[in-house]
S.K.: 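Sharing a structure below in structure tokens format, with a few things to ask.
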Amino acid sequence: MARKPKTPRWLEAARRRKEPVPEGSRADWLARALGRAGVLPRAEAEQAIQEGRVELDGRVERDPFVPVHAGSAVRVEGQPRSLEARTLALMFHKPAGVVVAGHDPEGIGTVFERLRAVLPPELRGYEWYAVGRLDRDTTGLLLFTNEERLVAHATSPETHVSKRYVTEVEGQPSQEALRRLREGVGLDDGPTRPAGARLLAPSRVELVLTEGRHHQVKRMLAAVGHPVRTLHREAVGEVTLDVPEGTCRLLTDAEVRQGLDFGGPA
Ligand code: URA
């Protein structure tokens, strides 16, 4: 049975907004702001609001999409909570098998479930957004953040934040195949941007991309005659994976600013 399309949250929130968003501030709504500030992850925030456990500016507020700003006075179960939020990012070492999606129809599991299982208590109140996607069978570095603008920055085709992959392929790529990978391969959605490509072993290729199209590494390697057997992401920008599989760590502010080139100077 076809699912009824759900109104996206941002649209729901925009409908509730009566005033234009003042210049220099951002459009935000209560449930999302609670998730970004680490008070309650968004679904829990929506439930708490609907159950009447959240007050806004002195009154119980039951609308998760009501507009708020960083200075709004919020209480959750009577406790004052700040909506001030700083940008946080986590590296997670994705194992093979799990999906980067909210639900896994095959029942193996999602990266969100795996991440929640290893998050330290002080980070469990945040809503964590995955920064881009990796295929179910791909392992390696997956970033998460509480800031949707960091997701847009790191995944936008305009910003060219690099992604470094190591792949085991069928056969032994020639220098000509590597040259094609570097200079651009014709795919059905257009030619790829110039990339870094080098052999680490006869059947192991390191590929550095500055774009992130669907199944891009697999499609590029298939196009030069060397289908991917395994795929692992080692780095995003200057941030290199350094935690064991299935675990995570918080990035430092410098890693976010310089490593991912996000946000202003200190
Ligand atoms: N390219 C792919 O083909 N798969 C991934 O998971 C990431 C990049």
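One-based numbering, in listed order, for ligands and for the atoms of each.
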S.K.: Would you find more than 12 non-hydrogen atoms of other residues, nucleotides or ligands less than 6.0 Å from Arg249 atom CZ?
M.R.: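 More than 12 heavy atoms, drawn from other residues, nucleotides or ligands, come within 6.0 Å of this atom.
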S.K.: Is a side-chain donor-acceptor pair under 3.5 Å present for Asp28 with His69?
M.R.: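 Absent: no donor and acceptor within the cut-off.
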S.K.: I'd like to know if the side chain of Gln47 pairs up with that of Glu51 as donor and acceptor (distance under 3.5 Å, no hydrogens or angles considered).
M.R.: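 Note: Gln47 and Glu51 side chains meet the donor-acceptor criterion.
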S.K.: State which residue, out of His160, Glu238, His153, fulfils the side-chain contact (heavy atoms from CB on, under 4.5 Å) condition with Asp261.
M.R.: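 Testing each of His160, Glu238, His153 against Asp261, the sole residue satisfying side-chain contact (heavy atoms from CB on, under 4.5 Å) is His153.
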S.K.: Show the protein residues that qualify under the rule heavy atom under 4.0 Å from an atom of ligand 1, listing them in chain and number order.
M.R.: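 Lining ligand 1: Leu134, Asp135, Thr138, Tyr165, His215, Gln216, Val217, Lys218, Leu231.
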S.K.: Looking only at the aromatic ring of each residue, does the gap between the centers of Phe144 and Phe112 stay below 6.0 angstrom?
M.R.: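 Centroid separation for Phe112 and Phe144: below 6.0 Å.
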S.K.: Tell me every residue that passes salt bridge (Lys or Arg N to Asp or Glu O under 4.0 Å) with Arg116, counting only those two or more places apart in sequence or in another chain.
M.R.: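 By the salt bridge (Lys or Arg N to Asp or Glu O under 4.0 Å) rule, Arg116 matches no residue at all.
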